[in-house]
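Report on one structure; see the data block that follows.
Heads up: numbering here begins at 1 and tracks the sequence. Model, not experiment: these values are computed from the prediction.
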Amino acid sequence: MAQEIELKFLVRDDSWRQAATDEIVMRQGFLCDGFERSIRVRTENQRAFLNIKSSSDGIHRLEYEYQIPLQDAQQMLARIALQPLIEKVRYLVPAGEHHWEIDVFGGDNRGLVVAEIELPSRDAHFDRPSWLGKEVSSDFRYYNVSLRKRPYSSW
């Protein structure tokens, strides 16, 4: 069983870009979506994954992820996934012992920028960069599963 503890934050400005070390273009679609459980297909540049998550509070999750053939993922996104798809570019930003994943959304969610950090425990210490904004870990509107149903552009 894989447990994930992930915190989400809004981003104040673009100063994080100076420290970004990697850029991953993502397209993802849900085969099953809900707050308590979801199954999604995601392409990341030229790789693809099937991901299964379960959560009750949005912070602690069971998560299972398996690499799948890119062509299979592209076909699932086109023919099976619930629409619209989530489009975003993820930037990796190292920070002390951890790293941030900054998601810059496109499509109907254009304008939304969210920072995520995975921690070994809920009370683990992490550096808070100056660009870090309000925590939204428990606000389900900011979860991809919600953004598919109610895009940021409709808020």
Side-chain angles (χ1 to χ4, degrees), residues 1-45 47-67 73 77 81 84-153 155:
M1 175 169 37
Q3 172 112 14
E4 171 186 75
I5 299 173
E6 180 179 82
L7 302 180
K8 288 183 178 283
F9 297 83
L10 297 179
V11 174
R12 294 182 199 272
D13 59 47
D14 282 346
S15 61
W16 57 268
R17 288 184 184 272
Q18 300 166 13
T21 60
D22 203 3
E23 178 180 318
I24 305 163
V25 177
M26 297 180 160
R27 290 182 71 229
Q28 69 184 36
F30 291 90
L31 306 180
C32 165
D33 64 351
F35 292 118
E36 294 179 355
R37 68 190 56 82
S38 67
I39 301 172
R40 76 168 182 233
V41 174
R42 174 188 283 169
T43 60
E44 300 180 0
N45 294 338
R47 300 182 319 157
F49 300 89
L50 180 66
N51 178 281
I52 303 162
K53 285 188 180 187
S54 173
S55 179
S56 58
D57 64 1
I59 296 171
H60 301 86
R61 294 188 185 107
L62 298 179
E63 180 176 20
Y64 306 90
E65 187 165 84
Y66 308 96
Q67 189 162 359
L77 290 172
L85 301 179
I86 299 292
E87 301 171 46
K88 61 186 177 181
V89 178
R90 173 167 287 170
Y91 297 88
L92 305 181
V93 178
E97 297 176 20
H98 307 287
H99 73 271
W100 290 95
E101 296 176 342
I102 313 294
D103 289 344
V104 178
F105 287 84
D108 291 342
N109 292 297
R110 185 174 309 282
L112 179 60
V113 181
V114 176
E116 300 177 350
I117 189 169
E118 286 191 29
L119 300 171
S121 67
R122 178 65 167 108
D123 59 350
H125 173 76
F126 60 94
D127 296 328
R128 293 180 179 265
S130 62
W131 46 260
L132 195 65
K134 174 185 170 186
E135 183 176 354
V136 294
S137 300
S138 297
D139 187 339
F140 290 107
R141 294 179 304 163
Y142 292 97
Y143 283 78
N144 291 321
V145 69
S146 298
L147 292 169
R148 185 198 69 76
K149 294 177 186 176
R150 189 166 174 239
Y152 184 67
S153 63
W155 296 10

- Indicate yes or no: at least one non-hydrogen side-chain atom of Lys149 is less than 4.5 angstrom from one of Asp33. yes

- Output yes when a side-chain donor or acceptor of Thr21 lies under 3.5 Å from a complementary backbone atom of Leu92, and no otherwise. yes

- Message: Quick check: closest heavy atoms across Ile5 and Ser121, and the distance to 0.1 Å?
- Response: CD1-CA, 3.6 Å

- Note on the structure: Scanning both residues in full, the closest heavy-atom pair of Glu23 with Val89 reads CG-CG1, 3.4 Å

- Message: Rounded to the nearest 0.5 Å, what separates atom CD1 in Ile117 from atom CZ in Arg128?
- Response: 9.0 Å

- Item | Close side-chain approach of Arg40 to Glu65, heavy-atom, < 4.5 Å | yes

- Please report the closest heavy-atom contact between Arg148 and Pro84, naming both atoms and the distance. CG-O, 3.0 Å

- Query: What do the steps show when you test Trp16 against Tyr91 for side chain to side chain contact (heavy atoms under 4.5 Å, CB included), and what is the final call?
  - Reply: CA-CA 9 Å; Trp16 57 268; Tyr91 297 88; 3.4 Å; yes

- Counting distance only, does the side-chain N/O of Ser146 pair as donor-acceptor with the main-chain N or O of Phe140 below 3.5 Å? yes

- Message: Using side chain to side chain contact (heavy atoms under 4.5 Å, CB included), reason through Leu7 and Phe126 one step at a time and then give a plain yes or no.
- Response: CA-CA 11 Å; Leu7 302 180; Phe126 60 94; 3.8 Å; yes

- Query: From Phe30 CZ over to Ile86 CD1, what is the distance, rounded to the nearest 0.5 angstrom?
  - Reply: 6.0 Å

- Query: Around Glu97, counting heavy atoms of other residues, nucleotides and ligands shown, do more than 12 lie under 6.0 Å from its CD?
  - Reply: no

- Between His99 and Glu118, is any pair of side-chain heavy atoms under 4.5 Å apart? no

- Item | Steps toward side chain to side chain contact (heavy atoms under 4.5 Å, CB included) verdict (Phe49, Val41) | CA-CA 6 Å; Phe49 300 89; Val41 174; over 6 Å; no

- Stepwise, does the side chain to side chain contact (heavy atoms under 4.5 Å, CB included) test hold for Arg42 with Asn144? CA-CA 12 Å; Arg42 174 188 283 169; Asn144 291 321; 4.3 Å; yes

- Query: What is the minimum heavy-atom distance between Gly29 and Leu77, and which atoms define it?
  - Reply: N-CD2, 3.2 Å

- Determine whether Arg110 and Leu112 make a side-chain contact, defined as any pair of heavy atoms from C-beta on separated by less than 4.5 Å. no

- Is Arg12 reaching over with its side chain to a backbone N or O of Leu132, donor-acceptor style, under 3.5 angstrom? yes

- For atom CZ of Arg90, decide whether the heavy atoms of other residues, nucleotides or ligands shown that lie under 6.0 angstrom number more than 12. yes

- Item | Mutual orientation of the aromatic rings belonging to Trp155 and Tyr152 [parallel < 30°, tilted 30-60°, perpendicular > 60°] | perpendicular

- Message: Distance check, rounded to the nearest 0.5 Å: Glu116 atom CD versus Glu101 atom CD?
- Response: 6.0 Å

- Note, His98 side chain near Leu119 side chain (heavy atom, < 4.5 Å): yes

- When you measure from the side chain of Thr43 to the backbone N and O of Ala48, does any donor-acceptor pair fall under 3.5 Å? no

- Message: Within this structure, what is the NZ-CG distance for the pair Lys53 and Asn51, rounded to the nearest 0.5 Å?
- Response: 5.5 Å

- Message: Whether the side chain of Ser153 engages the backbone of Asp108 through a donor-acceptor N/O pair (distance < 3.5 Å, no angle test) should be reported.
- Response: yes

- Message: Could you measure the distance from the NZ atom of Lys88 to the CE atom of Met26? Nearest 0.5 Å is fine.
- Response: 5.5 Å

- Message: Checking Arg27 against Glu87 for the salt bridge (Lys or Arg N to Asp or Glu O under 4.0 Å) test, could you report, in this order, the C-alpha distance in whole Å, the side-chain angles of both residues, the deciding distance, and whether it holds?
- Response: CA-CA 5 Å; Arg27 290 182 71 229; Glu87 301 171 46; 5.5 Å; no

- Item | Side-chain (Asp13) to main-chain (Ser15) donor-acceptor, under 3.5 angstrom | yes

- Message: With rounding to the nearest 0.5 angstrom, report the SG to CD1 distance, Cys32 to Ile39.
- Response: 5.0 Å

- Query: Does the side chain of Tyr64 come within less than 4.5 Å of Leu50's, by heavy atoms?
  - Reply: no

- Item | Contact check, side chains of Leu10 and Val113, non-hydrogen atoms, under 4.5 Å | no

- Task: May I ask you to test the Lys8-Asp103 pair for a side-chain heavy-atom distance under 4.5 Å?
- Result: no

- Option from Trp131, Trp100, Tyr142 for which ring-ring contact (aromatic ring centres under 6.0 Å, His included) with Phe9 holds: Trp100

